[in-house]
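Written out below as structure tokens is the structure these notes cover.
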Protein chains: 2
Amino acid sequence: MKESSARTRILDVASRLFYEQGYNSTGINQIIEEAEIARGSLYNHFPSKRDLLTAYIQQAEDRWFAELDKFLATLKDPRQKLLGLFDFRIERQLRSNFGGCLFSKIGAEVPKDDLNAFELVYHQKERFKIYITELLQQMKLSEPQALSQEMLANALFMIFEGATAIASISKSDQAIRDAKKIAESLI
Amino acid sequence: MKESSARTRILDVASRLFYEQGYNSTGINQIIEEAEIARGSLYNHFPSKRDLLTAYIQQAEDRWFAELDKFLATLKDPRQKLLGLFDFRIERQLRSNFGGCLFSKIGAEVPKDDLNAFELVYHQKERFKIYITELLQQMKLSEPQALSQEMLANALFMIFEGATAIASISKSDQAIRDAKKIAESLI
DNA sequence: GTCTATAGCTGGATAGAC
DNA sequence: GTCTATCCAGCTATAGAC
């Protein structure tokens, strides 16, 4: 008796390997082997490797925001939630041994002609930017700011993305901790 | 009579293909073909594909900073130079059709065990951070800032990196233009 | 330096039997 | 759903002749 369906196991194994080894460097054969499913079964659920990639990104986005919500659930103050974003990143980067942002990795790796993948990566980034924007709107900004609300959201978003990239390259969470300090002085 | 040496042509072609198609997706065969050199000749100059990657990153770093210096040469004011960094990025991203940061791409693409490549990528990032820091030190900061000099350099660095990543994913220079505006309000 | 041939492997994908 | 066999293309790299 299988604990999980074939589809679930394929996607779970593929997700782990895509993130750890990269999409291009992960072969169908390895996925089949580690997921312990049949070759035909994989192609039954996912007609091509690209379809597997699509499912991977979409599931990753769903989980990413679900985990983020959960992580911030105990915090009530929007400002604390905004700063908590960086703690969330630190926690995830430590857990993945500084593997970097899943979505940015795909964006950097897939060929330019895979517009579908780019679209999905872009979707996650935009959604996260909106996430930041909404938290900012919930804050009562004490004083007139140097930056507009929109630009402030942009700034936090970019600092977050930049810090994640640097943390992955330097294999250290220092950049994200610095980013949090910068965010503290901005909001 | 060859206009350029075999080594130069190999590296030029490989550089173009690595950036446009990705390192993993570019085969030795294609490099040989487009560079119009013999198979044995490539392996004579570069014993393995990894050696070619090393030379690629190193040459790219040298050129990157040389082009940056040239781009900023006409500007005398350090603040204008700092803001010019973003114009430099915009210009490069437009020229490459939003291919993203060459070094970050490699960082996202190569397997984790290629420590050499990571080291080289990290080197470029650190050098650029120092570049920003030195420009900041040349500025006479008018008022006491909310952020220390070091943190300000960090912030500019991360915004720069984040904006580049977003520009590549969104295929638009809007993020970098926003980043410049943010930088203007910070310094 | 050039050329060709080829080893040895792995890639994604298909087909057929059960 | 499972299994195995296989196609064909591509990969990195080596060897040998010129």
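Bear in mind the structure is a predicted one, so any value in this text is a computation, not a measurement. Protein chains get the first letters and strands the later ones, always in sequence-line order, with residue 1 at the start of each.
Atom-to-atom, CD1 of Ile10(B) to C1' of dT12(D) comes out at 15 Å; the value is rounded to the nearest Å. Per the geometry, CD belonging to Glu33(B) stands 13 Å off P belonging to dT12(D), to the nearest Å. The NE2 atom of His45(A) sits 16 Å away from the P atom of dA13(C) (whole-angstrom rounding). Residue Lys49(B) contributes atom NZ, which lies 4 Å from atom P of dT12(D) at whole-angstrom precision. Rounded to an integer number of Å, the gap from Tyr43(A) OH to dG11(C) C1' is 9 Å. The nearest whole Å value for the distance from the CG atom in Asn24(B) to the P atom in dG11(C) is 12 Å. Atom pair Gln30(A):CD and dC9(C):C1' shows a separation of 15 Å (rounding to whole Å applied). One atom, CD1 of Ile32(A), and another, C1' of dT14(C), lie 12 Å apart when rounded to the nearest Å.
Taking 4.5 Å as the limit, every side-chain heavy atom of Glu61(A) sits out of range of all side-chain heavy atoms of Leu120(A).
Under the 30°/60° scheme for interplanar angles, the aromatic rings of Phe65(A) and Tyr131(A) are found to be tilted. The aromatic rings of Tyr56(A) and Phe18(A) sit perpendicular, their planes meeting at an angle over 60°, well past the 30° parallel limit.
Among the heavy atoms of the strands, none lies under 4.0 Å from Ser25(A).
Heavy-atom nearest nucleotides on DNA chain D were determined for Asn44(A) and for Arg39(A), and the one closer to the 5' end corresponds to Asn44(A).
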